[in-house]
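One structure is given below, encoded as structure tokens.
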Amino acid sequence: MTTVVQVPLRYRVPFKKIALYVLAVAFGLYLVLPFYWIVAMSFMHEADAIAVPPSWVPVHPTLENYLGFVNPDAAQELVGGRAVSETPYSLRNSLVVATATALLNLVLATFAAYSFSRLKFRGSQVLLLLYLLTRMVPGIAIIIPFYLLMRSFGLLDTYLALILSYTTFALPITIWILKDFFRSVPRELEEAARVDRCGWFRTMWSVFLPVAAPGLVAAAVFAFMTAWNEFMFALFLTSTTAAKTIPVVAANFATDFNTQFTVMAAAGVLAVVPPLVLALLFQRKLVQGMAAGSVKG
Amino acid sequence: MSVLTERRPLGDNAKAWALNAPAIVVISLLVAYPIGYSFYVSMQRNNLKRPRAKRFIGLDNYKALLSDDAFLSALKVSALFVLVVLGMTVVLALLLALVLNERFRGRGLLLSLALLPWAMPGVVNGLMWRTIFDAKTGALNGLLTQLGLIDSYQAWLTSGTGAFLFTALAQVWNTLPFSVIILLAGLSTIPSELYDAATVDRAGAFRRFTQVTIPWLLHPLLIVLILETMNAFRAFDTIYVLTGGGPGDATTTIALLDVQTVLTFTDFGLGSAYAWVITAITLLISVGYIGLLYRKGNFEV
């Protein structure tokens, strides 16, 4: 027996739709306005940026805040000159460290993830659990011995110290992402290659990895962002422009009382552009990875 | 049983461990060894500025914690910080995830915007909110004045309570996307038949939410609670830049105190003891997390 529900044919105010759009707009503003403000400020003259009441758009747009980073002489005249002149070096350092971390991490994680996705082996559950557990260890708990270790190797203030530490941060996450991704690659491909008498390395290199490329890219992006954003280890392990990364220099802006807000904003924007562009480019893969691994922080 | 089928699992074993060897070497060298060594350092009197006084003192650093006002205060600040950040994050993230789970024009854009805070380095997050909260020229003061909500510019970060709350707000903005993504993934797995059935049973929107959505989201919600607790408990970057722990010690969390102890006072022994307390608390939380994953079967290899 079915009962037919009578739907009255009068117009109903779509409360749900209205509430949805109000909430969506409110959240949109909440998410974007703070960031909009530092972008806008980075194109303003200091006088406009600190005006009361504030001018919400750059009325007299200028590039001087950014040009100060390129031209060290001009930087000397800007207040907060030291952090300003260190900014280009720190961007270079961040780029090198994050790229190297992404690559090293990819190699190590690919080997490990392959074993979890293709081989049945004793201890695999325990090993996976241990990987996850190292992700839970707070960085602060290992920073002191790590610092002493690097000091005794003479590796303080070098890229290598940062690359090694960031690789260990990112490794558990990327193993996790790749393990899930590799499982979705059909086994038949490798079996076909084996029938064609390809060796294991040949099979991996010319059959398996190309198919798994999207997952590899996602994992590399994850590792790159981890390394780019990290602050505490960089604060301990670096001291000069030889290895200082952009978060360390950006923090210097905050501790210098004379810094102009507009210059600080420009440095902040430069520091956020690479991870932001990557996040937007690889949005879907990253969201999948985050949801699957539930791993960050 | 042929020889071949009997030998194969053994070959797999060896191959798998060989494949994992590089990762294991790196991780044990750079995580396992340091964490063990850090426990050893925590039982030393070890201050870089007084190298002659360095010696083994057993658990004295830990005993000293019980009457260490800075430590107890930082522990209290951290606990409060976790509570406030967690409360705001869960409510906001759930609401935003529910919005993103609907179909509407502009959904894709909102999802991209939701990733924006996640991509932002914690240090930049701190810088950004510092300019916004500024007492003399900040955008928050400007906005609230123009809206007529306040008469004159306020110094948001000069009172202890104010600094604490605004630091928590800045932290929430930064970590919100992560929770949203996990909750959204959970929401998208709810079969629409469940809602249809509830509608047929004449359940209103509120009852559908409490009796279908929430029970189904229980697991993702627990994961969010655990991981965000851990994040908030270790929060460092944003606070370091935004308030530096001040005014006084109002925003000096345990992680901040630890870094100050080591970097400023070069007291490696005491700093390691702090670190081990943080580790112990974090490990307790992660045991709960891993237990959850096990139960749900996420751990099947």
Side-chain angles (χ1 to χ4, degrees), chain A residues 20 23-24 27-28 31-32 34-35 37-38 50 53-54 108 111-112 114-116 119-122 124-125 127-129 132 134 136-138 140-142 144-146 164-165 167-168 171 229 231-232 247 250-251 253-254 261 264-265 268 271-272 275-276 279-280 283 287 290-291 294 296-297, chain B residues 12-13 15-16 19-20 22-23 26-27 30-31 34-35 37-38 41 96 99 102 104 106 110 112-116 119-124 127-128 130-132 137 139 142 145-146 178 181-182 185 223 227 230-231 234 236-237 241 255 258 262 268 271-272 275 278-279 282 286 290 299 301:
Chain A
L20 188 63
L23 275 175
F27 269 117
L31 292 168
V32 83
F35 181 61
W37 179 238
I38 59 164
I50 64 172
L108 298 178
F111 286 141
Y114 184 84
S115 76
F116 289 111
L119 305 170
K120 267 205 178 321
F121 62 102
R122 214 168 298 160
S124 61
Q125 296 240 0
L127 189 58
L128 208 53
L129 184 111
L132 190 68
T134 59
M136 302 293 168
V137 173
I140 190 132
I142 52 173
I144 296 169
F146 201 86
L164 285 175
S165 49
T167 301
T168 58
L171 204 49
N229 293 355
F231 174 54
M232 197 196 285
F253 279 102
F261 277 132
M264 188 159 106
V272 81
L276 186 60
L280 293 180
Q283 184 170 332
V287 167
M290 277 160 86
S294 299
K296 189 218 176 186
Chain B
D12 274 5
N13 260 337
K15 210 155 119 192
L19 285 168
N20 276 290
V26 168
I27 286 181
L30 301 175
V31 179
I35 197 142
Y37 190 72
S38 130
V41 176
L96 181 50
V99 169
E102 298 290 326
F104 62 95
L110 190 59
S112 299
L113 289 183
L115 281 183
L116 169 68
M120 185 169 285
V123 169
V124 180
L127 282 185
M128 183 180 83
R130 212 177 141 100
T131 70
I132 291 173
T137 64
T145 314
Q146 287 188 337
F178 177 59
I181 299 298
I182 295 178
I223 290 191
L227 291 183
M230 237 180 295
N231 273 346
R234 306 163 177 182
F236 174 72
D237 304 12
V241 174
D258 198 352
V262 176
F268 283 37
S272 295
I278 300 178
T279 309
T282 315
S286 31
I290 289 170
F299 239 80
V301 179

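Within every chain, numbering begins at 1; the chains are lettered A, B, ... in the order of the sequence lines, protein sequences first and strands thereafter.
Of the two parts of B:Thr282, only the side chain, counted from C-beta on, holds a non-hydrogen atom closer than 4.5 Å to a non-hydrogen atom of chain A. Using a 4.5 Å cut-off between heavy atoms, B:Phe236 touches chain A through its side chain atoms alone. Both the backbone and the side chain of A:Leu276 have a heavy atom closer than 4.5 Å to some heavy atom of chain B. At a 4.5 Å heavy-atom cutoff, A:Ala265 makes no contact with chain B through either its backbone or its side chain. In this structure, the portions of B:Met128 lying under 4.5 Å from any heavy atom of chain A include both its backbone and its side chain.
Per-residue heavy-atom pair counts under 4.5 Å with chain B were compared for A:Leu171, A:Ile144, A:Ile38, and the maximum is reached by A:Ile144. Contact count against chain B (heavy-atom pairs under 4.5 Å) is highest for A:Leu31 among A:Leu31, A:Leu108, A:Leu280, A:Leu20. Counting heavy-atom pairs closer than 4.5 Å to chain A, the top-ranked of the candidates B:Ser272, B:Ala275, B:Gly122, B:Pro34 is B:Pro34. When each of B:Pro22, B:Gly142, B:Ser112, B:Gly106 is checked for heavy-atom pairs under 4.5 Å with chain A, B:Ser112 comes out on top. In terms of heavy-atom pairs under 4.5 Å with chain A, the best-connected choice from B:Leu96, B:Asp258, B:Val41 is B:Leu96. Note on A:Thr134, A:Val32, A:Ile50: by heavy-atom pairs under 4.5 Å with chain B, the leading option is A:Ile50.
The distance from atom CZ of B:Phe178 to atom CG of B:Leu227, rounded to the nearest 0.5 Å, is 5.0 Å. Here the straight-line distance linking atom CZ of B:Arg130 with atom CZ of A:Phe261 works out to 7.0 Å at 0.5 Å rounding. Remark: A:Ile142 CD1 to A:Ser165 OG distance equals 8.0 Å, nearest 0.5 Å. Separation of atoms CZ (A:Phe121) and CG (B:Asp12) is listed at 9.5 Å; rounding is to 0.5 Å.
In this view, A:Ser115 and B:Asn20 satisfy the side-chain hydrogen bond (donor to acceptor under 3.5 Å, both in side chains) rule, not counting sequence neighbours. B:Ser38 pairs by the side-chain hydrogen bond (donor to acceptor under 3.5 Å, both in side chains) definition with B:Trp276, not counting sequence neighbours.
No donor-acceptor distance shorter than 3.5 angstrom exists from the side chain of A:Arg122 to the backbone of B:Asn13, with no hydrogens or angles considered. Between the B:Arg234 side chain and the B:Ala255 main chain, no donor and acceptor come within less than 3.5 Å of each other.
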